[in-house]
Protein chains: 2
Amino acid sequence: MARDESGFSHPDEGTLSLEAIFHALSDSYRLRIVRALAASAVPMNCGDLSFGRPKSSMSHHFRILRAAGVLHTTSQGVEHMNSLRRDMLDRRFPGLMAAILGETGQPAAGDHPRRLTPA
Amino acid sequence: MARDESGFSHPDEGTLSLEAIFHALSDSYRLRIVRALAASAVPMNCGDLSFGRPKSSMSHHFRILRAAGVLHTTSQGVEHMNSLRRDMLDRRFPGLMAAILGETGQPAAGDHPRRLTPA
DNA sequence: TTGTTTGTTCGATAAAAATGGAACTAATCC
DNA sequence: GGATTAGTTCCATTTTTATCGAACAAACAA
């Protein structure tokens, strides 16, 4: 978990908790942050992800997402750059982020989802 | 959303909220309920899923899961039988439940998860 | 060094969730 | 009818989260 060079602490892959991740994703602003980051090819700073809310409020949301292991923050000059920890999440919970972001890759709606009882 | 024959109200597929689902899954007892139901071939009653906690507390957790659309409850005699709404969830958020339950079906840990930046 | 920008931390308040006892309801049995 | 079982609802309490202004810190520029 150790604080990294930038002074932020990020959980190790081994200590990720699905519960904490779900809690992190159960807020609409945090979900918007995750979706924006997923759609971006490059890391984004906090200001670009503040959706017009006060800095202190958003700082709180970033902290929750960071502590859950959903995103990674690093300092670049005065800015704090954020990116999804997609590789780690995909290793630890394959399919989770894809499902959240709607990148199906799985049978789409209308197709034959796996079902216990035949249709 | 209408209350069904059994007197319980369950959300329609169209009104599912990812946020509400995440909130429902952000509690450890609720996650245990979901996992137990996923592992069971048949619906389970509330008593079998109470993990030794008071009835009123668990009733609360069942209500949250039901309202989020995660499970379906129906009366059978004095008992309330619960089952995962797996088909609906799979249609609406393909891969989500599989990811939660650890049924990968996706590249497993150590394999080549889709990555934006080549390894 | 003073000022600016970007974001964190602090602290107080408000809102939301969780907990569990007690009373209650519905189905079932005797 | 009375007793039992299974779970819900009500209510009060506690715990956890969210919100946001204000003070603060770090990096940088003039």
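Note that the structure is a prediction, hence the values are computed from the model and not measured. First the proteins, then the strands, lettered A, B, ... as listed; each starts at 1.
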Q) For the pair made of CD in A/Glu79 and P in D/dC28, what is the distance, rounded to whole Å? A)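 That distance rounds to 11 Å.
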Q | Nucleotide C/dG7, atom C1' - distance to CZ of A/Phe8 in whole Å | A |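 Between C1' of C/dG7 and CZ of A/Phe8: 8 Å.
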Q) Taking DNA chain C as the partner, which of residues 22-33 of chain B come within under 4.0 angstrom of it by heavy atom? A)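 Listed by number, they are B/His23, B/Arg30.
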Q: Under 4.0 Å from any atom of DNA chain C, heavy atoms only: list the residues of residues 44-66 of chain B that qualify, in numerical order.
A: B/Arg53, B/Pro54, B/Ser56, B/Ser57, B/His60, B/His61, B/Ile64
Which atoms of nucleotides 25-30 of chain C (N or O only) lie under 3.5 Å from a protein N or O atom, and what are those distances?
none

Q. What pairs with B/Asp27 under side-chain hydrogen bond (donor to acceptor under 3.5 Å, both in side chains), at least two apart in sequence or on another chain?
A. none
Minimum-distance pair of heavy atoms, taken over all atoms of [X] and [Y]:
X	Y	result
A/Pro11	A/Ala68	CG-C, 4.1 Å
B/Ala38	B/Leu101	CB-CD1, 3.5 Å
A/Ile21	A/Leu96	CG2-CD2, 4.3 Å

Q) Quick check: does any side chain N or O of A/Asn45 sit under 3.5 Å from a backbone N or O of A/Gly47, one acting as donor and the other as acceptor? A) yes
Q. Is A/Met44 linked to A/Val34 within one hydrophobic cluster, defined over Ile, Leu, Val, Met, Phe, Trp and Tyr using a side-chain heavy-atom separation of less than 4.5 Å?
A.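 A/Met44 and A/Val34: one cluster.
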Q | Partner set under side-chain contact (heavy atoms from CB on, under 4.5 Å) for B/Ser75, not counting sequence neighbours | A |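 Here the qualifying residues are B/Ser6, B/Phe8, B/His80.
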Q | Reported CZ-to-CG distance for the pair B/Phe93 and B/Leu16, which is rounded to 0.5 angstrom | A |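 One gets 5.5 Å once the value is rounded to the nearest 0.5 Å.
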Q: Working to the nearest 0.5 Å, report the span between CG of A/Leu25 and CD1 of A/Ile100.
A: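 The CG atom of A/Leu25 sits 5.0 Å away from the CD1 atom of A/Ile100.
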Q: Sorted by first residue and then second, give each side-chain hydrogen bond (donor to acceptor under 3.5 Å, both in side chains) pair with at least one member in residues 51-66 of chain B; sequence neighbours left out.
A: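 Passing the test, one end in residues 51-66 of chain B: B/Arg30-B/His61, B/Arg66-B/Thr73.
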